[in-house]
Amino acid sequence: MTLEQQISTLAKEAVKALYGIEAADAQIQLQKTRPEFEGNITLVVFPFVKAARKAPAQVAAEIGEKLMADGSGLIARFNAVQGFLNLVIDDGFWVKQLQAIDADANYGRLPNRDQLMMVEYSSPNTNKPLHLGHVRNNLLGFSIAQIQEANGWQVVKTNIVNDRGIHICKSMLAWLKFGNGETPESSGKKGDHLIGDYYVRFDKEYKKQIAELMADGKDEETAKREAPLMLEAQEMLRRWEANDPEVRDLWTKMNNWVYAGFDETYRRMGVSFDKIYYESNTYLEGKSEVEKGLASGQFYRREDGSVWADLTKDGLDEKLLLRSDGTSVYMTQDIGTAKLRFQDYPIDKMVYVVGNEQEYHFKVLSILLDRLGFPFGKELVHFSYGMVELPNGKMKSREGTVVDADDLMDKMVADAREISKDKVNTLQGITPQEADEIARKVGLGALKYFILKVDPRKNMLFNPAESIDFNGNTGPFIQYTYARIQSVLRKADTANLSPLASSLDPKELALIQRLCEYPSVVRTAGDDFSPAVICNYAYSLACDFNSFYHDLSILNEPDAQKKALRLLLSANVAKVLKSAFALLGIEMPERM
RNA sequence: GGUCCGGUAGCUCAGCUGGAUAGAGCAACAGCCUUCUAAGCUGUGGGUCUCGGGUUCGAAUCCCGACCGGAUCACCA
């Protein structure tokens, strides 16, 4: 039973005995005592003032006396300030908490709930490399998966790769026309970047043709429609749909280049998937699902042959599901993907990590899946996150303001390495490989924390002109705290510790109390789908430790019992920091 | 125009299921390394929580209205 639960029970009994009222759970308001007052936990007594018909301070004092009498030593003393009853919990309680935390190797992990959650994230197009927006998506998706796993879900991480469509045809066409057989091997370029270059090349040549046609007197719309390159790309898409072997072979070859590039980026980012779906395999399933819905009267066909869902009863519009030429749209594909997933896994909850610009799409998808009989449809979660903006607004590939994922990671690791150069004292005697590892972990830690600490729902700003910090409320600050503890532990003889001290310094107590919060933080992060909650907690814990570390000596503490307690405390702070960072997908360096 | 989301220090962000004097970091300034890692610690300055109403013992937090910013409302994905 947690401290809150114990106090809550005691408080209810006290209020009943004193004032004869049955307090509801919502009326028992407990909060952490503010640092300017003495105490660990505070009961807000305003809810009982009316029934007591006494001044708030007097009510607080009366409840305090009662809790002292009934609490069997749990509460050492109390003070009442207005309607706030500040309770000082006995040191012995905290020491026992620390021992319990130490004994639990999986501290923070909540009981299994035997239910399966599928988390879809990343979901790239195969025509260009990953950029900063994808980075936010991938980091959030991976972290959410870790957090939900810690909340007891069985989690399947999945990715739906948008591998077909006009966009990839554009890259293919440009490569055929202008590529001279260039390959990742021959050019030394990562496959995704190579394909991205040809996508840009297509756009450039296409614009040139439009300009030429307009110079010949065509209006812009006509020029766009009649540009030979566009006609060729569309023809290529038709050949792809018709399974033309030549087009299919090229498509396979070029997509594989992209996948090799993506895999490298994913590996570097530290994200992974349990199951990958490809749109080229799911869109036909979607069509057949729509046909079924049509047969059962869920959907209807218009005169031109297009198929629609009428969502006006749900307060939405009518939504196109199949074009008049019978081809599928985005929604059709997501329906097909959902069907395959449901065949493959007993999904209890489906989570889509997709930007907030697609909220309407997922609102519609939820309704459609529900109508088609998917049990998770109605309750699907669109984990809708905000955009990453630059000082001048959104990233635009046309304006060359896209922040490339690989470049950004390179820069972060290089910055970390640069900073490490000054650390000759702490990093002496390490091999170049170890130095590389530290720079990698710290650089990526800075990037990941920078992104994950922001409330996912909000748009966030990235300024390429300013480098991401390594000081203050950052990933490296927390990694540093961890490395510092490891350094102390390496020097300590932890083999046979003496019994623990039974009284606590305030800094020790604050740290233990903070450690006790961890499981509820994990729960909140899971309920709210918020890695930022974990970031905030890890930061607070690191701050508390650094304050403790600054004020109190660990290894040089003469009192063996105090030393033992501080070592145990330090080890468990490190354990929780590492655990919290694992939920964020951030690795801890043993030294830095 | 309809719907949704946001507006907190110069900047980037916490805090939002109502609680005590609204917090961090960055930037600026001033201190602390012969002592467990100074990527650290301590201090100073910095606020009309966009504005106006309402609800109540109490509002940055909840409700209503305005203003500002963003997203979305395709036979694109």
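Note that this is a predicted model, so its numbers are computed, not measured. Reckoned from all heavy atoms, side chains included, excluding hydrogens, waters and symmetry mates.
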Does a side-chain heavy-atom distance below 4.5 Å link W240(A) with R164(A)? yes
Nearest-Å distance once atom C1' is located in both rG15(B) and rU21(B): 15 Å
Y518(A) side chain vs L577(A) backbone, donor-acceptor pair below 3.5 Å: no
Picking from rC36(B), rG70(B), rC41(B), which would you name as closest to the side chain of N546(A)? rC41(B)
Pick the C1' atom in rG70(B) and in rC29(B), then give their distance to the nearest Å. 37 Å
Using the C1' atom in both, what is the distance from rC62(B) to rU42(B), to the nearest Å? 39 Å
Should the pair F529(A) and F383(A) be assigned to parallel (<30°), tilted (30 to 60°) or perpendicular (>60°) ring geometry? tilted
Does S487(A) put a side-chain nitrogen or oxygen below 4.0 Å from OP1 or OP2 of rU37(B)? yes
If you look at every strand shown and take non-hydrogen atoms under 4.0 Å, does N86(A) touch a base, only sugar-phosphate, or nothing? base
Distance between C1' atoms of rG52(B) and rG10(B) (Å, rounded): 27 Å
NA contact type, L552(A), heavy-atom cut-off 4.0 Å: base, sugar-phosphate, or nothing? base
Considering only heavy atoms and no angle criterion, is a donor-acceptor pair shorter than 3.5 Å present between the side chain of T42(A) and the base of rA20(B)? yes
Choose from rG19(B), rA77(B), rC26(B) the nucleotide whose nearest atom is closest to any side-chain atom of D469(A). rC26(B)
Base, sugar-phosphate, or nothing for Q29(A), non-hydrogen atoms under 4.0 angstrom? base
Would you mind classifying the nucleic acid contact of D422(A) as base, sugar-phosphate or nothing, using non-hydrogen atoms under 4.0 angstrom? nothing
Hey, does E359(A) reach any base, or is it just sugar-phosphate, or nothing, if we go heavy atoms under 4.0 Å? sugar-phosphate
The side chain of D455(A) lies closest to which of these nucleotides: rA20(B), rA14(B), rC57(B)? rA14(B)
In terms of side-chain heavy atoms of E357(A), which of rA71(B), rG6(B), rU37(B) is nearest? rA71(B)
Have a look at Y539(A) and say if it touches a base, only the backbone sugar-phosphate, or nothing, with a 4.0 Å heavy-atom cut-off. sugar-phosphate
Contact check, side chains of L311(A) and L368(A), non-hydrogen atoms, under 4.5 Å: yes
Distance below 4.0 Å between K491(A) side-chain N/O and rU37(B) OP1 or OP2: yes
Heavy atoms from C-beta onward define the side chain here; which of rA20(B), rG70(B), rC36(B) lies closest to that of Q31(A)? rA20(B)
If we take the C1' atom in both rA71(B) and rC11(B), what is their distance in whole Å? 24 Å
Base, sugar-phosphate or nothing for L461(A)? Non-hydrogen atoms, less than 4.0 Å. sugar-phosphate
Counting the atoms with a prime plus P, OP1 and OP2 as sugar-phosphate, which does E466(A) contact under 4.0 Å by heavy atoms, base, sugar-phosphate, or nothing? nothing
Looking only at side-chain N and O atoms, does K458(A) come under 4.0 Å of OP1 or OP2 in rG7(B)? yes
Could you tell me whether a side-chain N or O of D163(A) sits under 3.5 Å from a main-chain N or O of S280(A), the two making a donor and an acceptor? yes
OP1 or OP2 of rG40(B) versus the side-chain N and O atoms of N471(A): is any pair under 4.0 Å? yes
How many Å lie between CG on N356(A) and C1' on rU72(B), as a whole number? 9 Å
Give one of base, sugar-phosphate or nothing for S420(A), where a contact means two heavy atoms less than 4.0 Å apart. base
Would one find a side-chain N or O of R484(A) under 4.0 angstrom from OP1 or OP2 of rC36(B)? no
Is M592(A) touching bases, backbone alone, or none of the nucleic acid, heavy atoms closer than 4.0 Å? base
Given the side-chain rings of F477(A) and Y480(A), with only the six-membered ring counted for Trp, is the space between their centroids under 6.0 Å? no
Does rC49(B) have a Watson-Crick or wobble mate here (both distances under 3.5 Å), and if so which one? none
What's the closest nucleotide to the H550(A) side chain, out of rU37(B), rC41(B), rG19(B)? rC41(B)
Side chains of L320(A) and V307(A) in contact at under 4.5 Å (non-hydrogen atoms): no
Tell me which nucleotide among rU3(B), rC36(B), rG15(B) gets nearest to the side chain of K363(A). rU3(B)
Determine the interatomic distance between P on rA24(B) and the same-named atom on rG40(B); round to the nearest Å. 16 Å
Looking at R323(A), I'd like to know whether one of its side-chain N or O atoms comes within less than 4.0 Å of OP1 or OP2 on rA77(B). yes
Separation between the P atoms of rU61(B) and rG6(B), rounded to whole Å: 13 Å
Parallel, tilted or perpendicular for F362(A) and Y352(A), by the 30°/60° rule? tilted
Within this structure, what is the CG-to-C1' distance between L567(A) and rC36(B), rounded to whole angstrom? 10 Å
Is there a side-chain polar atom (N or O) of R34(A) under 4.0 Å from OP1 or OP2 of rG23(B)? yes
Could you check whether H167(A) and Y199(A) have their ring centres less than 6.0 Å apart? no
Using a 4.0 Å heavy-atom cut-off across all strands, classify R591(A) as base, sugar-phosphate, or nothing. base
According to a strict under-4.0 Å criterion, is K319(A) in side-chain N/O contact with OP1 or OP2 of rA74(B)? no
If you pin K50(A) and T474(A) to their nearest nucleotides in RNA chain B, which one's is more 5'? T474(A)
Using the P atoms only, state how far rU8(B) lies from rU72(B), rounded to an integer number of Å. 22 Å
Sugar-phosphate, base or nothing in reach of F477(A), heavy atoms under 4.0 Å: sugar-phosphate
Quick check on RNA chain B: between V454(A) and M387(A), whose nearest nucleotide comes earlier from the 5' end? V454(A)
Planes under 30° and centres closer than 5.5 Å, is that true for F37(A) with the base of rA20(B)? yes
NA contact type, S547(A), heavy-atom cut-off 4.0 Å: base, sugar-phosphate, or nothing? nothing
At 4.0 Å (heavy atoms only), tell me whether F470(A) reaches a base, stays on the sugar-phosphate, or touches nothing. base
